[in-house]
Amino acid sequence: MVADNSEKSTKSVANGQLISTVSSKDDLPNAIIVTQCPEDVFDHKEDKANFKALFTQIEKDIHFDFLRSFRRVRVIFSSPENATAAKLIVQGFSFKGHELKAFFAQRIYMSANSQMLSPPPLEKQFLISPPCSPPVGWEQTKDMPPVVCNFDLMARLASFAIDEKYEVHNGDELTPTIVVHPCETPLDIPSALEMPRTPRPSSPADSD
């Protein structure tokens, strides 16, 4: 990824075909994509190291992007000359019984006035989605802010004991005091409710 330059590549039409003319060296690709890579390149460290050695002999400080799902590897160099040399070496090279293929990767230009899709404004990210059929008079509302932990409530819950009464609300002149009294469980209560069994209907053999 490179910065936006004032010199851009120009395009012209000749014989009904679109031809791109490069006006600066920075417009040339500095990366290649190697296809048809064997799975050993992604699974085994030794094979991955041998694969990298094909390119590190040209330039040591390079970047690799291993795309296992596509069986491809993107190799980024510091200059277009090194990328061209790597493409010539790898093209048609047999690695672990697989014939490798390579092609240049197009450079990506990012600038402040880029026409690419950008994230929405911050105030647009917290809006609640409208219903499928908004009623008449429906207005867009914002999502509620996150609830901050109430440390006073947490302290009260931590000091709460099951066998003691607990004052939920302190009463005042207008509101009553709310106190929770835990209920005692009788010791003789059965652990599980037993359902009465339905008697088997009598058969003619029983009457005999």
Side-chain angles (χ1 to χ4, degrees), residues 1-6 30-31 33 37 39-45 48-49 52 61-76 105-208:
M1 188 178 296
V2 296
D4 191 11
N5 299 322
S6 57
N30 65 333
I33 296 180
C37 298
E39 296 183 358
D40 296 340
V41 173
F42 307 95
D43 297 334
H44 302 138
K45 293 183 178 180
K48 180 180 288 188
K52 288 183 176 181
D61 298 330
I62 54 179
H63 178 76
F64 293 89
D65 291 324
F66 289 89
L67 310 175
R68 178 174 182 174
S69 301
F70 302 97
R71 293 180 57 190
R72 296 185 175 189
V73 179
R74 187 170 187 259
V75 189
I76 304 176
Q106 184 178 6
R107 284 204 180 194
I108 302 175
Y109 293 91
M110 299 292 292
S111 61
N113 56 354
S114 176
Q115 300 298 324
M116 296 183 180
L117 183 63
S118 59
L122 188 60
E123 61 272 8
K124 297 289 185 181
Q125 300 180 18
F126 300 98
L127 296 178
I128 299 178
S129 301
C132 299
S133 299
V136 178
W138 183 86
E139 296 181 359
Q140 183 79 58
T141 57
K142 289 188 176 181
D143 194 4
M144 296 294 294
V147 179
V148 181
C149 293
N150 190 333
F151 294 101
D152 181 55
L153 177 60
M154 294 175 62
R156 290 193 178 192
L157 292 176
S159 62
F160 177 71
I162 298 178
D163 55 348
E164 298 178 1
K165 64 180 181 179
Y166 180 71
E167 185 175 344
V168 179
H169 175 71
N170 297 326
D172 52 20
E173 297 179 356
L174 301 177
T175 58
T177 301
I178 302 176
V179 180
V180 177
H181 295 268
C183 305
E184 297 181 358
T185 304
L187 298 178
D188 56 348
I189 187 172
S191 58
L193 218 48
E194 295 183 1
M195 298 295 294
R197 297 183 179 181
T198 304
R200 182 175 64 86
S202 59
S203 61
D206 296 336
S207 59
D208 295 341

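Side chains included, hydrogens not; waters and symmetry mates left out as well; all remaining heavy atoms used.
When the side-chain hydrogen bond (donor to acceptor under 3.5 Å, both in side chains) test is applied to Asp61, no partner is found at least two apart in sequence or on another chain. Every residue two or more places apart in sequence or in another chain that forms a salt bridge (Lys or Arg N to Asp or Glu O under 4.0 Å) with Arg68 is listed here: Asp43. Residues meeting the side chain to side chain contact (heavy atoms under 4.5 Å, CB included) test with Ala105, sequence neighbours left out: Ala31, Ile33, Arg74. Under the side chain to side chain contact (heavy atoms under 4.5 Å, CB included) criterion, Phe66 pairs with Val41, Phe42, Lys48, Phe51, Lys52, Phe64, Val73, sequence neighbours left out. Under the rule for a side chain to side chain contact (heavy atoms under 4.5 Å, CB included), Ser69 has no partner lying at least two apart in sequence or in another chain. Residues satisfying the side-chain hydrogen bond (donor to acceptor under 3.5 Å, both in side chains) criterion with Ser133, sequence neighbours excluded, are absent altogether.
Across Ile62 and Ile76, no two heavy atoms sit closer than the pair CB-O, 3.4 Å.
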